[in-house]
Amino acid sequence: MVNTKIYQSIIKAVSAKERLLAVLIDPDKFLIKNTFNFIEKVNTSIATHIFIGGSLVDEGVTDSLVLEVKKHTNLPIILFPGDVTQITNNADALLFLSLISGRQPEYLIGKHIQAVSKLRTTNLEVISTSYILIESGKKTAVEKVTQTKPMSRDNIQHIVDTAKAGELLGMKLTYLEAGSGAKAPISKTIIRCVKEELSTPLIVGGGIRNKEHMKNAYNAGADMIVIGTAFEDDESFFEDIKSSLLF
């Protein structure tokens, strides 16, 4: 039987109108020796999931980090891979990302075919996910690696139609991404318009650096937000969200 435990838990949380928060750890930027102290902060925060992955990560690094993180938390560990080399059976689930905002065949289907040989014998829960990159004021690592252009934040209808097309293709999740280190998060208008069209959970990430950004994303319709750079730059941000979202 195909494992759907984590996906079903997300669906259940969304139905209960719970706000989900994923902490994204980029193996390329994270020092494994800092794992215990960092994960202790994650455990005492309101985080519900841990994402692990990045655009440029050496082979084997992700596996080592996942194993170390698992020693210190019971939170679900979900792979957010930039490449096939980041797949490890030691995680709990994998976001099977299709970059539908671009037209680069490698990231629409090519990498997925390469991944099958690894996934065929894995116990990972594989969750098909529409990945939509939206311009953020700077060229992101995703754009550089995939050689795809982000969608214009001014053409909201095109973003909405793209997200809906992904859902109609059978994608279980939709991920709106401004990119790591984005100058600004995705606007409330974009999030709201996309959410109104979808019946599947909506994830929003990139450029979320404070509680106000979090509040805006949730109130606009994000079911899960993803924060990475904010914690990389200032771990005291954990203190701001330690007990509750306060809104």
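Heavy atoms from other residues, nucleotides or ligands lying under 6.0 Å from NZ of Lys188 number 12 at most.
Of the possible donor and acceptor atoms, none in the side chain of Glu125 sits under 3.5 Å from a partner among the backbone N and O of Asp92. Without hydrogens or angle criteria, Ser187 side chain to Ile190 main chain gives a donor-acceptor distance under 3.5 Å. A side-chain donor-acceptor contact under 3.5 Å links His112 to the backbone of Leu97. Of the possible polar contacts, one joining the Tyr218 side chain to the Leu20 backbone as a donor-acceptor pair under 3.5 Å is found. Listed for the Ser98 side chain is no donor-acceptor partner under 3.5 Å among the backbone atoms of Ile100.
Annotation: side chain of Ile225 is in contact with side chain of Met214 (closest heavy-atom distance under 4.5 Å). For the pair Val42/Thr73, no side-chain contact is recorded, criterion being any heavy-atom separation below 4.5 Å from C-beta on. Side-chain atoms of Leu79 and Val66, non-hydrogen and from C-beta on, do get closer than 4.5 Å to each other. With contacts defined as side-chain heavy-atom distances shorter than 4.5 Å, the pair Val57/Thr85 does not qualify.
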Using the side-chain contact (heavy atoms from CB on, under 4.5 Å) rule, take Asp28 and Val61 through it: C-alpha gap first, then chi angles, then the decisive distance, then the call. CA-CA 8 Å; Asp28 186 51; Val61 175; over 6 Å; no

Would Leu133 and Glu143 count as a side-chain contact (heavy atoms from CB on, under 4.5 Å) if you check the C-alpha gap in whole Å, the side-chain angles of each, and the deciding distance to 0.1 Å? CA-CA 8 Å; Leu133 184 62; Glu143 183 180 350; 4.2 Å; yes

Verdict with reasoning, Leu94 to Thr122, per side-chain contact (heavy atoms from CB on, under 4.5 Å): CA-CA 11 Å; Leu94 163 74; Thr122 187; over 6 Å; no

side-chain contact (heavy atoms from CB on, under 4.5 Å) between Val204 and Asn216, intermediate numbers included: CA-CA 11 Å; Val204 177; Asn216 290 339; over 6 Å; no

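For Lys70, there are no salt bridge (Lys or Arg N to Asp or Glu O under 4.0 Å) partners two or more places apart in sequence or in a different chain. With sequence neighbours left out, the salt bridge (Lys or Arg N to Asp or Glu O under 4.0 Å) criterion links Glu197 to no other residue. Checked against ring pair (Phe, Tyr, Trp, His ring centres under 6.0 Å), His72 has the following partners two or more places apart in sequence or in another chain: Phe36. Every residue was checked against the side chain to side chain donor-acceptor pair (under 3.5 Å) condition with Lys138, not counting sequence neighbours, and none meets it. Annotation: side chain to side chain donor-acceptor pair (under 3.5 Å) contacts of Asp83 (sequence neighbours excluded): Lys111. Shown here are the salt bridge (Lys or Arg N to Asp or Glu O under 4.0 Å) partners of Lys41, two or more places apart in sequence or in another chain: Glu235. Taking the side chain to side chain donor-acceptor pair (under 3.5 Å) definition, one finds that Thr189 meets it with nothing, sequence neighbours left out. In terms of the salt bridge (Lys or Arg N to Asp or Glu O under 4.0 Å) criterion, residue partners of Lys71 (sequence neighbours excluded) are, by chain and number, Glu68. In this view, Phe30 and Phe38 satisfy the ring pair (Phe, Tyr, Trp, His ring centres under 6.0 Å) rule, not counting sequence neighbours. For Thr48, there are no side chain to side chain donor-acceptor pair (under 3.5 Å) partners at least two apart in sequence or on another chain.
Atom CG of Asn123 is separated from atom CG of Asn89 by 5.0 Å, given to the nearest 0.5 angstrom. Residue Thr88 holds its OG1 atom at 8.5 Å from NZ of Lys118, rounded to the nearest 0.5 Å. For the atom pair OG of Ser64 and CG of Asp58, the computed distance is 11.0 Å after rounding to the nearest 0.5 Å. A distance of 11.0 Å separates CZ of Arg153 from CG of Leu176, quoted to the nearest 0.5 Å. Atom CD of Glu177 and atom CD1 of Ile134 lie 9.0 Å apart (nearest 0.5 Å). Rounding to the nearest 0.5 Å places CG of Leu169 at 10.0 Å from OG of Ser128.
Listed by first then second residue, pairs satisfying ring-ring contact (aromatic ring centres under 6.0 Å, His included) with a partner in residues 129-149 read Phe80-Tyr131, Tyr131-Tyr175, not counting sequence neighbours. Under the ring-ring contact (aromatic ring centres under 6.0 Å, His included) criterion, no residue pair touches residues 137-166, with sequence neighbours excluded.
A donor atom on one side chain and an acceptor atom on the other are not found under 3.5 Å apart for Glu106 and Gln147. Side-chain contact check for Thr200 and Glu167: at least one donor-acceptor pair (N or O, by modelled atom type) lies under 3.5 Å.
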